[in-house]
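Remember, it's 1-based here, ligands and their atoms both numbered in the order they're listed. The first residue in the sequence is number 1, and the count goes up from there.
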Amino acid sequence: MRIPLIAGNWKMNKSVDDARSFMQIVSDQLPEPDQVETAIAAPAILLETMIEANGADRLRIGAENCYYEDAGAFTGETSPQALDQMGIPYVIVGHSERRSYFNETDDIINRKVHAVYRNHMTPILCCDETMGRLEAGEKIHWVVSQVTGALKDITDAQARQLVIAYEPSWAIGSGKSASADQAEEGCYLIRQTVADLYGDDVANQMRVLYGGSVNPENISQIMAKQNIDGVLAGGASLDPETFLQLVHYQK
Ligand code: PGA
């Protein structure tokens, strides 16, 4: 059984004080982790504060990015080894903002996926999709190339634990979510791509999330879809009460 994962992505939006007060509000109101797993990916600078404030320990605290080397002369980068030492379980890799503003290619993303696994963490691998590609009917090529590129030389055992997020960039931060059917189609295509690479057994264990303008009003319809195992929410994860509405969505 795939346990639903409701994850937030704070991006670069919060101060240390904001992070602490968010944790104080949500930490004892979260669901049982074997029913619904909950996570927030936050900037590296906030992780220590969040871990300290994670009273009931139900929220999984993730990172938004890391470098692909474990350590060395890479000024300003975040070490995956240090994240692991902090007890971080998840790292977002390949978010569309990283791909477009920081020029991350499939090769860089593949190296980061390896670095996350090498350091005993799980990547939340984001796959982007533009409206242009959607209108041109190129979806299948896009899914195959992004997923295949990111998973080069990843083993079956690693792929089994993977979380992939289907995040059309036209839906990110736009207030215009994909419909539940569009989200399901994207997540289905991702699962099929993983099935072609690793077989049905692995594809059926791996979790696929939808991300892009998820909010308390649309989450239930999205979560009702067969191939959608959770969401990655940006804007709606910032306010603690709204995040609590997401994690307690109506089944
Ligand atoms: P959004 O962001 O929910 O604000 O659209 C999602 C994301 O970027 O992961």
Under the ring pair (Phe, Tyr, Trp, His ring centres under 6.0 Å) test, residues paired with F22 that sit two or more places apart:
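If we apply the ring pair (Phe, Tyr, Trp, His ring centres under 6.0 Å) test to F22, skipping adjacent residues, the hits are W10, F243.
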
Donor-acceptor under 3.5 Å ([X] side chain, [Y] main chain):
X	Y	value
Y210	I222	no
S79	D70	yes
R2	G230	no

For the residue pair S15 / D18, report whether a side-chain donor-acceptor contact shorter than 3.5 Å exists.
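Distance-only check passes for D18 and S15.
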
Residues lining ligand 1 [heavy-atom distance under 4.0 Å, listed by chain and residue number]:
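Near ligand 1, by chain and number: N9, K11, H95, E167, A171, I172, G173, G212, S213, L232, A233, G234, G235.
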
If you round to the nearest 0.5 Å, how far is CZ of R111 from NZ of K152?
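Atom-to-atom, K152:NZ and R111:CZ are 9.5 Å apart.
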
